[in-house]
Amino acid sequence: MSQSDTTEHEGREGYDVHAVQDKWLPVWDEIAPFRSGRPGDPRPKKYVLDMFPYPSGDLHMGHAEAYALGDVIARYWVQRGFNVLHPIGWDSFGLPAENAAIKRGADPVLWTADNIEQQKSSMRRYACSFDWDRVLHTSDPAYYRWNQWIFLKMFERGLAYRKDSNVNWCPNDQTVLANEQVVAGRCERCDAVVTKKKLTQWYMRITDYADRLLDDMTQLEGAWPEKVLLMQRNWIGRSTGAHVHFRIEGRDEPVTVYTTRPDTLFGATFFVVAADSDLAAELATGSEAQGDFEAYLEQVKQVSEIDRLSSERVKTGVFLQRYAVNPVNGERLPIYAADYVLADYGTGAIMAVPAHDQRDWDFATAYGLPIVHVVQSPDDVDDSAAAYTGDGVAINSGFLDGLGKADAIERMVAWLEEKDLGTGAINYRLRDWLISRQRYWGTPIPIIHCLSCGEVPVPEDQLPVVLPPTDGLDLSPKGQSPLAAAEDWVNVPCPRCGGAARRDSDTMDTFVDSSWYFLRYLDPSRTDVAFDPDQAREWAPVDQYTGGVTHAILHLLYARFFTKVLHDMGLIDFEEPFTRLLNQGMVGMNGATMSKSRGNLVRLSDELELNGVDAVRLTMVFAGPPEDDIDWADVSPSGSKKFLSRAWRLSGDVTSAPGVDVATGDVELRRATAKAVDEATKAVESFRFNVAVAKTMELVNAARKAVDSGPGGADPAVREAAEAVAIMLSLVAPYTAEEMWDRLGHAPTVALAGWPDVDPALLVEESVTCVVQVAGKVRDKLDVAPTIGEDELRELALAATGVVKALDGRAVRTVIVRAPRLVNIVPA
RNA sequence: GCCCCGAUAGCCCAACCGGCAGAGGCAGUGGUCUCAAACACCAUCCAGUGUGGGUUCGAAUCCCACUCGGGGCACCA
């Protein structure tokens, strides 16, 4: 080997990122600086959590961004002297494992384990500051046993129940979907057009918690992104209005409708029931319209969810030859069955007020039904062309006439309540959470169906109900859970009566797994409890949560729901799981989401090979605000690498000894260091990590100048600056930081060095530049003491040569003085 | 259709309570090094803040309208 060649080639660049990575990894393994479970640790606790990954293959650029950002936060609090719990695990149940099994015959257990191992080793190399003693994965029976336990507790409380309903069905994945998993009529996962299917399924009664989920968001105000709170509010969709009971001719029981506009009751001209509701079928039965209705219902069922939602679709329906009676004026309202009314919102029936509801207007126009205006529209609104939905004075409305919208609503509700014809009511857009899935790779639902005893919970001492092995099972999607075919597994005696019974063969939605995993990290090896309430009191709730905005409603809403349920069960003393939330953006390439099919996929492993771990992490953090998307084409990992090399070089230029008295160092550089640390601190705490990096770069530049053309590398201030750089960099570029720390003569690890203290005296500038404006234009600048008084500054400013020239003899009207930075002189 | 968020240099981004538009980076340009180049190093150029109005002594920042971009919801009665 030619030594001189290597030195010349490599030596020129100097900083060998791969060698540095290989050097420090084993050292860190030894020190384990991020272990949080040490007994007697006196540091205050902080729980910093990153959303756990799904183990599909190796880490990609998205993971690299997410974990780089989460790591900055975790490492920062460690530097600030906190005992930081920063765990990681795997959300390892789900379809990809199952699909791999179907496609390649891979055992989901082994496939999952392999991927976890791969990701784990990549995370280690990526220098994630995880506490490796607390790893969990949700497909582990030791984990999902507690899913089953929680499910049973919820079953006991009536929060988990089975019902027959029209559910979202993904024809591709051959499974049902929760409402939250249907995006614009398509399957969130595979993009197939979702259809409806009538099935008996398991639900969780999240609607019982709608008010608390909504109202408790005030606690999160300012600590969660406004956008996420808004999305959750919209999703829950609370509306206030009234229930109104309508007598139906030829039916004993009245039918109740929900309306947000009880003030328009006098304008109701017809009545609509959801075509797919039981009520529609009942009303049609025996009427002349029965044939028409059945034909219509068939037709409705054929329409896909997407077409149904299309806004330009004309409204259809069928007259049922029946009548409802308007309780306020006794008018007969023809009853239609139509698919623009939803069976599962409100009561599945509405009073139609075409003059003041656009959908009713459209239907009335299509079917030639009367339109009666009961709210006075403003003069500039043409209420003969479209429904008027705004505010206005009630007209043609008997006792409501002359009242504004709010008063009319209040009056009508009072009237209805007095006559026992209705009540004020609240409705939600949120539906109960459908949790059963007809797939293999998930938590088995711990219920046994017995012909004589019904739904019988699996006794707690028989948990976990472990998935049967895949041998001999056909995992391909067929609309029924593959578990149903595992005869040995599915056939069990009833725990209650001992008779022949069958296990429930559905598995749980994987969002159940992630709804409480943050509690399991507290003591993942416990076999007697899901989590230890004492540990929960010590660590939880999560102080800082980081993850993608894609989970704004799904995961975050479910986790909030579970937290409230666990609170009500007396297991935890808080009601919100995540005190602070940071959403990171996504990584794209050339303006598009990265994907193999687009051909714009950037491989993380290639980037790591080319530029090293630190440069990739730095690029992610420096690219912009964390919540912004990153376009890899816009950023420069090679630039990051260059900067790291500059920082590294600085550590080699320090010639003073460790522990030297920095107070004797160059004041100018000391000020620069204090300012950089101070500003970086504020930036990190407000999630402006890109700014924190910029401040670090600034300090490197200042120190460089001090070495090259200032007091030189022997000045203690240069050491102070270099050490500050190493510590600040340790959040983002741990290898470079450690190598710098080493070259500066310190023992590892810089991760525990402690955040630099800032001497406030160094932040006070000895003189500041005061801008002197005349009529808002800068005419002169003065060097003044930061403590200068207003009067003194005014005198100085008025005498400044630039000012005298600009005033050119004109009189002065006002002088605005903002000491010490600005004076604005307004001429007459 | 409704609701949010954003728009600053060729590009990614800073700018505290309204107070000199520039912290940092990329790209560019000029130089040093080199036989030459790459690398590295040093230096340097670059916009008046999407458009139109308003408030103010003073607006990137506050208000109104519009344009463009991004996101959410979308028959929820």
Side-chain angles (χ1 to χ4, degrees), chain A residues 9 12-14 183-185 225-235 237-239 241-242 257-262 264 272 274 308-313 315 338-342 344-353 356-360 362-363 389 427-431 549 552-553 618-619 622-625 627-631 633-640 642-643 645-646 649 675-676 679 682-683 686 688 690-701 704-705 708-709 769-778 781 813-816 818 821-827:
Chain A
H9 185 73
R12 192 68 205 230
E13 194 179 337
V183 178
E226 199 47 50
K227 182 182 169 179
V228 175
L229 296 177
L230 189 73
M231 282 167 72
Q232 292 215 357
R233 282 197 184 97
N234 289 340
W235 190 261
R238 180 160 66 191
S239 71
V257 305
Y258 174 71
T259 177
T260 54
R261 295 294 305 274
T264 63
V272 188
R308 211 181 63 76
L309 293 178
S310 159
S311 49
E312 58 259 42
R313 190 169 152 259
K315 296 209 168 12
D339 67 350
Y340 84 91
V341 169
L342 308 174
D344 56 355
Y345 181 79
T347 61
I350 62 155
M351 62 178 214
V353 184
H356 306 292
D357 181 286
Q358 192 55 46
R359 295 151 301 177
D360 297 343
D362 295 342
F363 192 83
T389 56
N427 234 295
Y428 303 91
R429 214 190 70 113
L430 182 72
R431 310 294 158 78
V549 73
I553 23 193
L618 178 65
T619 304
F622 185 55
E627 56 276 9
D628 285 10
D629 289 345
I630 297 173
D631 195 320
D634 288 338
V635 295
S636 172
S638 64
S640 299
K642 203 159 79 181
F643 162 69
S645 169
R646 273 167 64 79
R649 198 158 67 91
K675 193 159 170 255
E679 289 181 345
K682 289 177 186 149
S686 55
R688 287 145 53 236
N690 54 324
V691 177
V693 170
K695 298 301 166 195
T696 311
M697 290 173 167
E698 214 178 335
L699 182 55
V700 169
N701 291 343
R704 179 80 259 149
K705 208 165 251 171
D708 290 346
S709 54
T769 306
C770 177
V771 174
V772 186
Q773 301 175 326
V774 175
K777 288 200 174 73
V778 180
K781 290 177 185 185
R813 186 156 60 126
T814 336
V815 181
I816 289 131
R818 291 284 177 274
R821 299 246 173 229
L822 181 125
V823 177
N824 188 13
I825 296 160
V826 188

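Worth saying up front: this structure is predicted, and the values here are computed from it rather than measured. Heavy atoms only: backbone and side chains are in, while hydrogens, waters and symmetry mates are out. Every chain is numbered from 1, with letters handed out A, B, ... down the list of sequences.
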Taking only residues two or more places apart in sequence or in another chain, which ones pass side chain to side chain donor-acceptor pair (under 3.5 Å) with A:Arg821?
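A:Arg821 satisfies side chain to side chain donor-acceptor pair (under 3.5 Å) with A:Glu765 only.
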
Please enumerate all residues that pass side chain to side chain donor-acceptor pair (under 3.5 Å) together with A:Asp708, with sequence neighbours excluded.
A:Arg704

Over all strands shown, is [X] touching base, sugar-phosphate only, or nothing at heavy-atom distances under 4.0 angstrom?
X	answer
A:Thr769	base
A:Lys705	sugar-phosphate
A:Val826	sugar-phosphate
A:Arg813	nothing
A:Arg818	base
A:Ile553	sugar-phosphate
A:Gln773	base
A:Arg649	sugar-phosphate
A:Asn701	sugar-phosphate
A:Arg704	sugar-phosphate
A:Lys642	sugar-phosphate
A:Ile816	base
A:Thr814	nothing

Hey, does the side chain of A:Tyr340 come within less than 4.0 Å of B:A77's phosphate (OP1/OP2), counting only N and O?
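So the side-chain polar atoms of A:Tyr340 never come under 4.0 Å of the phosphate oxygens OP1 or OP2 of B:A77.
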
Within less than 4.0 Å of OP1 or OP2 of B:G25, is there a side-chain N or O belonging to A:Arg646?
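False: A:Arg646 side-chain N/O out of range (4.0 Å or more) of B:G25 OP1/OP2.
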
Which nucleotide, if any, forms a Watson-Crick or G-U wobble pair with [N], using both distances under 3.5 Å?
N	value
B:A60	none
B:A38	none
B:A23	none
B:U44	B:G28
B:G69	B:C5
B:C33	none

[N] and [M]: how far apart are their [atom1] atoms, nearest whole angstrom?
N	M	atom1	answer
B:A15	B:A7	P	11 Å
B:A65	B:C5	P	14 Å
B:U8	B:A21	C1'	8 Å

Rounded to the Å, how far apart are [X] [atom1] and [N] [atom2]?
X	N	atom1	atom2	result
A:Ile350	B:A77	CD1	C1'	5 Å
A:Gln358	B:A74	CD	C1'	15 Å
A:Tyr258	B:A77	OH	C1'	8 Å
A:Phe363	B:A77	CZ	P	19 Å
A:Leu342	B:A74	CG	P	11 Å
A:Arg238	B:C73	CZ	C1'	18 Å
A:Leu822	B:C17	CG	P	17 Å
A:Lys675	B:G24	NZ	C1'	13 Å

List in chain and number order the residues that pass salt bridge (Lys or Arg N to Asp or Glu O under 4.0 Å) with A:Asp344, two or more places apart in sequence or in another chain; answer none if no residue qualifies.
A:Arg431

For A:Lys682, the salt bridge (Lys or Arg N to Asp or Glu O under 4.0 Å) test, sequence neighbours excluded, returns A:Asp678

Could you say whether A:Cys770 or A:Asn427 is positioned toward the 5' end of RNA chain B, judged by the nucleotide with the nearest heavy atom to each?
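Nearest-nucleotide comparison on RNA chain B picks A:Cys770.
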
Any donor and acceptor pair, going by atom type alone, linking the side chain of A:Asn690 with main-chain N or O of A:Ala623 inside 3.5 Å?
no

Counting primed atoms plus P, OP1 and OP2 as sugar-phosphate and everything else as base, spell out the protein contacts along nucleotides 7-15 of chain B at 4.0 Å heavy-atom distance: B, S or - for each nucleotide, 5' to 3'.
----SSSSS

Quick one: pull up [atom1] in [X] and [atom2] in [Y] and give me the separation to the nearest 0.5 Å.
X	Y	atom1	atom2	result
A:Thr769	A:Leu822	OG1	CG	12.0 Å
A:Ile825	A:Gln773	CD1	CD	9.5 Å
A:Ser239	A:Arg261	OG	CZ	12.5 Å

Out of [options], which has the shortest distance to the side chain of [X]?
X	options	value
A:Lys781	B:C20, B:C26, B:A77	B:C20
A:Ser636	B:C26, B:C3, B:A77	B:C26
A:Asp339	B:C75, B:G19, B:C4	B:C75
A:Glu698	B:A23, B:A74, B:G19	B:A23

Are there more than 12 heavy atoms of other residues, nucleotides or ligands under 6.0 Å from atom CZ of A:Arg233?
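Above 12, so yes.
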
Syn if the chi torsion is within 90° of 0, anti otherwise; quick check, which is B:G48?
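Syn.
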
B:C17, syn or anti by chi within 90 degrees of zero
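This nucleotide is in syn.
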
side-chain hydrogen bond (donor to acceptor under 3.5 Å, both in side chains) assessment of A:Asn701 paired with A:Arg646:
CA-CA 9 Å; A:Asn701 291 343; A:Arg646 273 167 64 79; 2.4 Å; yes

Contacts of type side-chain contact (heavy atoms from CB on, under 4.5 Å), residue A:Asp360, not counting sequence neighbours:
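With sequence neighbours excluded, A:Asp360 shows a side-chain contact (heavy atoms from CB on, under 4.5 Å) to A:Phe270, A:Tyr340, A:Ile350, A:Ala352, A:Pro354, A:Asp357, given in chain and number order.
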
